[in-house]
Amino acid sequence: MPIGIQDFETLRTDGYVYVDKTSLIYDLVQNGKPYFLSRPRRFGKSLLVTTLEAYFKGKKELFEGLKIAEYETEWAEYPVLKFSLAGGEFTKPDGLADALNKTLKGFEDAYGLPQGDAGDLPGRFKDALENAKKKTGRRVVVLVDEYDNPLLKTFGEAPEQEKENRDLFKGFFAVLKDCDGDTKFVLFTGVTKFSKVSIFSDLNQLQDISMDEDFADICGITQEELEQYFVPEIDALAQRRGLTREDCLARLKQLYDGYHFSKDSPDIYNPFSLINAFSKRDFGKYWFGTGTPTFLVRRIKEMNFNPRSFSDGSLYSSEDEISDYRPDNPDIVPLLYQSGYLTIKGYDSKFDSLTLGYPNDEVKYGFTTSLAPVYLNSPKPLDVRSFGMDIDSGNTDGLRDRFTALFARLPYATGTVDDTMLERDFQNVIFLTFLLLGQFVQVEQHTAKGRADCIVETDKYVYVFEFKRDGGADEALAQIEAQGYAAPYVADSRTLVKIGAVFSSEQKNISEWEVVGK
């Protein structure tokens, strides 16, 4: 499995699995337009860039047996100038300038070009393009991988350096607009599309294909590709985990599938998680574990964003809104979408509206685990396994004590708490707890159809919860009866447990907890 392998030549010569995307690459290069592609981290952007690099360098032998070999007849070699900005000391004053100068010097040396002036980066870039064309007789291919990393590295941490990096980009990449006759092909990749960065304003001929249906699966793995390229790995994983092949595929889909990058996109699997699951022959949170979205979680909390909207189907946006991100935009949804924590779940053509939500369980539970300590005012993660053990064993007293401890964490003592804040924090604690419990037991969340606040099912028990703010636990239990929340489970062989719980505004905690049916 090509874990951490982002170089196409290495992947092809050293015997790694390669999912053939070259027919899409051939379609992409035929138009020759300047392109921009946004995809989440570790989704194959760098592999795409190095594949294009090998193609434009005419390395025909690397493409034997692939689709593109059926279409291409010329295999001409072009000078390729590739900027890899995934790494660098971009928080330092000269970090970005040094990286750009280093890349330009490597290009000059590779093609025997005059060394340009390091103090005049735009001029050096322009000269390199013109000189390479003159020397080789062919126009230059420009590939810019992870263009936004110098901005994301400084985002929220070093605003002055972020502005300097942004200004440097403005003058540097604007050169491409005046050098259109010197370039054969241009591609920028990144996680985010910063709408105020010059490549999207000064370089206005850049075509954004991030939500283009024709290229929706140019990165990532489709269901068809999964079952075509990974048959031995699927069977080995199923055998190791004691599953049937069908159950193994269902588990992979639940954990790692579900990304959509256009209105009619096929389901896309996260490639990094898939190949790690196959390599380790185990299911895990591989993609999420490579980077905790600390600044995203912090911003969500600062904005009083309702975390329930991520899961209840109430998060809507438009294509224009989620395509561009501005650091001064109070709406964090575009960044969450572009970063891969949200994806397109549906499209309403009447209102031209996209429904957004978590792509899969890996992201849903990983992101919720990151949210919980912030909302619970604790550096420690929520001990949801203990909740699960109490529910599994029928320990309702333990459940009461755990909820009491959770509410005690909330920072009510730091100032005046209004009713809106109190209600929100009370509901969020309940929501996050039961959402995370869904990893271990079957949980239904409250809906507009009148279900109880939560229904939890285990092998031995069915719990029907109703939470009230103030009032009495008898009112909560009476609502369960009046609304028939427990009716579908009356004939069930499992023990039916009804719990009415009251959160007191005065005590800032659970004041009553009544259990019926145990």
Side-chain angles (χ1 to χ4, degrees), residues 306-314 368 372 375-376 382 384 387-388 390-410 412 417-438 440-518:
N306 184 356
R308 283 168 286 166
S309 62
F310 293 147
S311 298
D312 64 9
S314 64
T368 306
Y375 279 91
L376 298 176
L382 178 61
V384 71
F387 274 91
D390 286 339
I391 283 178
D392 215 39
S393 63
N395 184 7
T396 55
D397 289 342
L399 284 175
R400 178 199 60 212
D401 294 343
R402 293 189 193 285
F403 271 113
T404 300
L406 284 183
F407 288 124
R409 292 183 184 182
L410 297 177
Y412 299 128
V417 181
D418 60 32
D419 285 348
T420 302
M421 185 181 301
L422 190 68
E423 181 77 14
R424 181 201 65 209
D425 287 344
F426 163 57
Q427 292 176 343
N428 283 336
V429 168
I430 296 169
F431 168 76
L432 292 171
T433 301
F434 283 114
L435 180 63
L436 287 171
L437 267 173
F440 309 109
V441 292
Q442 184 176 342
V443 175
E444 288 184 7
Q445 296 299 330
H446 175 72
T447 72
K449 295 181 180 180
R451 290 176 184 157
D453 282 338
C454 191
I455 298 174
V456 180
E457 300 181 46
T458 72
D459 292 340
K460 297 180 180 178
Y461 297 93
V462 175
Y463 297 86
V464 181
F465 290 89
E466 186 64 30
F467 288 89
K468 292 288 185 183
R469 181 186 156 205
D470 299 323
D474 55 342
E475 295 177 33
L477 291 171
Q479 182 172 332
I480 292 174
E481 294 300 324
Q483 297 296 326
Y485 295 150
Y489 304 96
V490 170
D492 198 294
S493 61
R494 293 169 294 182
T495 302
L496 178 60
V497 181
K498 305 168 192 175
I499 299 178
V502 176
F503 177 83
S504 167
S505 300
E506 181 179 355
Q507 299 175 28
K508 312 293 191 298
N509 214 311
I510 289 178
S511 58
E512 294 186 36
W513 178 276
E514 288 192 19
V515 180
V516 174
K518 183 181 174 184

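The analysis underlying the following values was restricted to heavy atoms, covering all of them including side chains, and did not include hydrogens, waters or symmetry mates. For clarity, every value in this text was computed on a predicted model and none was experimentally measured.
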Side chain to side chain donor-acceptor pair (under 3.5 Å) partners for [X], two or more places apart:
{"X": "Glu457", "answer": "Tyr489, Arg494"}
{"X": "Gln479", "answer": "Glu466, Lys468, Tyr485"}
{"X": "Asp401", "answer": "none"}

Contact summary for [X] and [Y], nearest pair of heavy atoms:
{"X": "Val516", "Y": "Leu477", "answer": "CG2-CD1, 3.7 Å"}
{"X": "Gly517", "Y": "Thr495", "answer": "O-CG2, 3.7 Å"}
{"X": "Leu399", "Y": "Asp390", "answer": "N-OD2, 3.8 Å"}
{"X": "Ala501", "Y": "Ala476", "answer": "N-CB, 4.3 Å"}
{"X": "Gly500", "Y": "Ala473", "answer": "O-CB, 3.6 Å"}
{"X": "Ala486", "Y": "Leu496", "answer": "CB-CD2, 3.9 Å"}

**Message:** Test of understanding: with side chain to side chain contact (heavy atoms under 4.5 Å, CB included), list the residues that count as partners of Glu475, not counting sequence neighbours.
**Reply:**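 If we apply the side chain to side chain contact (heavy atoms under 4.5 Å, CB included) test to Glu475, skipping adjacent residues, there are no hits.
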
**Message:** If the condition is side chain to side chain contact (heavy atoms under 4.5 Å, CB included), which residues does Asp392 pass it with, not counting sequence neighbours?
**Reply:**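 Thr458.
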
**Parallel, tilted or perpendicular: rings of Phe407 and Phe426 (30°, 60°)** =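 Judged by the thresholds at 30° and 60°, the geometry between Phe426 and Phe407 is tilted.
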
**Message:** Applying ring pair (Phe, Tyr, Trp, His ring centres under 6.0 Å), can you list everything that pairs with Phe387, at least two apart in sequence or on another chain?
**Reply:**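 Phe387 satisfies ring pair (Phe, Tyr, Trp, His ring centres under 6.0 Å) with Phe403 once adjacent residues are dropped.
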
**Phe440 side chain near Val384 side chain, heavy-atom distance below 4.5 Å** =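 Yes, close enough: below the 4.5 Å cut-off.
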
**Item:** Any Leu382 side-chain heavy atom under 4.5 Å of Leu406 side chain
**Value:**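 Answer yes - side chains close enough.
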
Within this structure, what is the [atom1]-[atom2] distance for the pair [X] and [Y], rounded to the nearest 0.5 Å?
{"X": "Gln507", "Y": "Asp470", "atom1": "CD", "atom2": "CG", "result": "9.5 Å"}
{"X": "Tyr463", "Y": "Lys498", "atom1": "OH", "atom2": "NZ", "result": "15.0 Å"}
{"X": "Arg402", "Y": "Ile391", "atom1": "CZ", "atom2": "CD1", "result": "10.5 Å"}
{"X": "Trp513", "Y": "Ile499", "atom1": "CH2", "atom2": "CD1", "result": "4.5 Å"}
{"X": "Asp453", "Y": "Phe467", "atom1": "CG", "atom2": "CZ", "result": "7.0 Å"}
{"X": "Thr396", "Y": "Glu514", "atom1": "OG1", "atom2": "CD", "result": "12.0 Å"}

